[in-house]
Amino acid sequence: MKNAPQVLILMGSDSDLPVMREAAGILDTFNIAWEMHVSSAHRSPVKTAKLASEAAGRGVRIIIAGAGMAAHLAGVVASETTLPVIGVPMPGGALNGVDALYATVQMPGGIPVATMAIGKAGAKNAGLFAVQVLALNDAGLAGALTEYRHEMEREVELKDAELQASLGN
Ligand code: RP5
């Protein structure tokens, strides 16, 4: 049987999936169970409100919401739950994601959305941020995060060694 999801990933459109897959990929790396849905704040408001308001009762601990253009998904989701909500602004559209960034980050006081960078880097960091929150009460997960950082450090060293070799140093 599939584990109960700890992280709920929502996106406004299936066109957001190539970006939001980055968040799911990170959660897979840390063996965190997730569930993903297309649900729009403006095209399917009733479904969105239901998913957000019922999440905590189903055992979800954190919600990641990605949307583009007039991106009110993360804010609407945050208004329906007291779970932490991480927002990911999508690139594209006439303003290439700056519209979504402002719409996601500029929440009026009272309903916070932890907003990440535009696009794939933001979705990846949303996954990592969710893992960091879950690791507050999970020493094994905290250790895995430390090892993840060490691995990044090793990769930088490897790339620098390759650069130095190519420069004949
Ligand atoms: C937003 O509008 C979605 O999150 C998506 O980023 C954007 C465009 O949606 P589609 O027209 O591609 O469905 O609601």
Side-chain angles (χ1 to χ4, degrees), residues 2-136 141 144-145 148 152:
K2 217 174 155 185
N3 286 340
Q6 287 196 278
V7 181
L8 174 63
I9 302 173
L10 301 177
M11 67 201 86
S13 168
D14 61 341
S15 64
D16 302 327
L17 185 56
V19 172
M20 295 308 287
R21 274 207 182 103
E22 296 285 326
I26 288 290
L27 297 174
D28 284 342
T29 299
F30 289 92
N31 291 314
I32 306 288
W34 50 268
E35 183 178 296
M36 187 183 259
H37 293 277
V38 174
S39 192
S40 166
H42 44 269
R43 291 172 177 154
S44 60
V46 175
K47 175 183 177 178
T48 296
K50 188 171 156 61
L51 279 164
S53 62
E54 292 179 354
R58 294 195 301 117
V60 169
R61 310 272 306 280
I62 303 166
I63 301 176
I64 298 173
M69 302 177 79
H72 34 216
L73 181 63
V76 165
V77 165
S79 76
E80 295 280 355
T81 180
T82 54
L83 292 174
V85 175
I86 306 170
V88 183
M90 291 300 119
L95 303 182
N96 205 16
V98 174
D99 42 4
L101 172 65
Y102 285 170
T104 306
V105 78
Q106 285 290 66
M107 285 298 290
I111 307 290
V113 169
T115 304
M116 302 289 122
I118 299 168
K120 286 188 177 181
K124 181 176 182 178
N125 280 345
L128 285 166
F129 198 81
V131 176
Q132 287 178 207
V133 173
L134 293 170
L136 288 171
L141 208 47
L145 275 165
Y148 183 86
M152 273 196 294

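Both ligands and their constituent atoms are indexed starting at 1 by order of listing. Note that this is a predicted model, so its numbers are computed, not measured.
A heavy-atom cutoff of 4.0 Å around ligand 1 is satisfied by the protein residues Gly12, Ser13, Ser15, Asp16, His42, Arg43, Ala67, Gly68, Met90.
Side-chain atoms of Lys124 never come within 3.5 Å of backbone atoms of Gly25 as a donor-acceptor pair (strictly under, hydrogens ignored).
Here the CG-CD distance, from Leu17 to Glu22, works out to 11.0 Å after rounding to the nearest 0.5 Å.
One finds a salt bridge joining Glu54 and Lys50 here, because a Lys/Arg side-chain nitrogen approaches an Asp/Glu carboxylate oxygen to under 4.0 Å.
The minimum heavy-atom distance linking Ala52 with Glu80 is given by the pair CB-CB, 3.6 Å.
In this structure, Met11 and Val19 have side chains that are not in contact, with every pair of non-hydrogen atoms separated by 4.5 Å or more.
The side chain to side chain contact (heavy atoms under 4.5 Å, CB included) test with Ile63 singles out one residue from Val113, Thr81, Ile86, Val7, and that residue is Thr81.
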